[in-house]
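Reckoned from all heavy atoms, side chains included, excluding hydrogens, waters and symmetry mates. Whatever order the structure lists them in is the order used to number ligands and atoms, beginning at 1.
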Amino acid sequence: MSFCVKLSIGSPVPYQVPTLNLHGHVYEIEVSFKEGINNYFTSPELEFGDVHIGGRRKLFGALTFRYSYDAKRNIVRVCGTDFPSADGMAFITRPEGTEQYAYEHAANAGFAADEVHHNRDWNYNSPLTPGAAKIFKDIARSANEALIAALTATNTVSIQIRETLPAGLPLEHYLKLSTVHNPDGKLIGTFDPAHNYGEGVQIKKLDSYYGGKWNVPVNGPFANVIGSTPDPTHSAPSWIALWIAAYGGVTPVGCTSLNFPSTVKCGPVLIGGHVIDGEVPAAVASGSNDVMILPICHAHNNNNKVYMEAITRQNAIWLSNYMN
Ligand SMILES: [Zn+2]
């Protein structure tokens, strides 16, 4: 099972210094997603200009990134543009006829193995090529944005985007969403700063299971996770705070599954509901990557007989290695 999306790669603005010439090429490439976890995509090498090292050589560039694709449920997982992982989008350049590959990652992070400085001749982090590194980084960044936009535009694929925990989550919520586990790993509950825990308990921080954003298709079905939190009534306001922090601090208005099905009458108060993709409410094993948080009303949150649809919004957050 596989599917394709198309996206543009390149920067239309030419660049010229004595040692490097970029022609402003923009290409449309096809990205094929194959079923499986931790797959690599690498585009064909394309010509972007020329470089003057030991004579004039063509400069080739290619995109590469890592993804997972669950074909059965149509879920694709990719890195967000700022996610500091070597799995994220990178733009690789190489002068023709050499093995001197230079990686420019979308995210800002030190990927020692990829250091461009290791190349003897092809090094664009030099005073001779001012601004070139930024051009290549911007190519990687805009390619990743284009990739996520193209996946979203298919309107059939559910997209998990790996991201770091958003800034701006109040500390009290952060603590409430951290979990406490027995020495054997079994979940005791959410962290209570006032409680005196016994020796050997493990406190798992929210960072360790915040996965990032999850964009579901328009009207995509989802259902409650049964038994999702040790104490849903207490933790609910914090889960919505996490969602709000992830989406720029804007308080959501209107239940995600507004008046669907028609037997459910939505209330005005929204909580961060633990839900899963699909039409069947179910318990989820700890360690799962399938749990997402969407703003839903109490009526929906308390009804495990129906499924819901992403009607008023499609932007969820997902929990990685849930409660494990
Ligand atoms: Zn509702």
Side-chain angles (χ1 to χ4, degrees), residues 73-75 152 154-161 163 165-166 168-170 172-174 176-177 179 189-190 206 209-286 288-320 322-323:
R73 296 183 310 151
N74 235 0
I75 299 172
T152 305
T154 62
N155 204 22
T156 53
V157 177
S158 207
I159 316 148
Q160 288 183 336
I161 303 165
E163 290 192 332
L165 199 64
L169 187 69
E172 80 181 274
H173 294 310
Y174 177 87
K176 266 188 181 170
L177 296 176
T179 53
T190 47
L206 175 58
Y209 55 88
Y210 175 80
K213 291 177 182 152
W214 187 339
N215 295 339
V216 297
V218 176
N219 296 336
F222 64 93
N224 277 320
V225 172
I226 296 172
S228 58
T229 50
D231 186 351
T233 51
H234 283 95
S235 61
S238 304
W239 289 111
I240 195 77
L242 178 61
W243 188 95
I244 290 168
Y247 286 104
V250 180
T251 303
V253 178
C255 180
T256 299
S257 185
L258 195 62
N259 298 329
F260 176 88
S262 56
T263 50
V264 179
K265 290 286 163 259
C266 290
V269 177
L270 302 185
I271 58 117
H274 286 68
V275 297
I276 46 171
D277 194 73
E279 300 184 359
V280 185
V284 173
S286 67
S288 167
N289 290 320
D290 297 339
V291 176
M292 58 182 156
I293 304 288
L294 267 168
I296 56 174
C297 71
H298 283 286
H300 270 113
N301 191 51
N302 296 330
N303 190 332
N304 288 339
K305 295 192 176 69
V306 299
Y307 72 90
M308 295 164 266
E309 287 189 353
I311 294 165
T312 57
R313 67 183 62 78
Q314 289 74 40
N315 45 344
I317 60 180
W318 67 286
L319 303 178
S320 159
Y322 176 61
M323 296 294 177

* **Single hit among Val218, Ile159, Val157 for side chain to side chain contact (heavy atoms under 4.5 Å, CB included) with Thr152** => Ile159
* Asked: Would a 4.5 Å heavy-atom cut-off, applied to side chains only, mark Leu165 and Tyr174 as touching?
  -> yes
* Residue pair Asn219 / Glu309, side-chain heavy-atom distance below 4.5 Å -> yes
* Hey, does the side chain of Asn224 reach the backbone of Ile226 with a donor-acceptor pair shorter than 3.5 angstrom? -> no
* To do: Kindly confirm whether the Zn ion (ligand 1) is within less than 2.8 Å of some N/O/S atom in Cys266?
  => yes
* Asked: Hey, what's the angle at the Zn ion (ligand 1) spanning SG (Cys255) and SG (Cys297), nearest 10 degrees?
  -> 120°
* To do: Measure from the Zn ion (ligand 1) to every N/O/S atom of His300 and report the name of the nearest one.
  => ND1
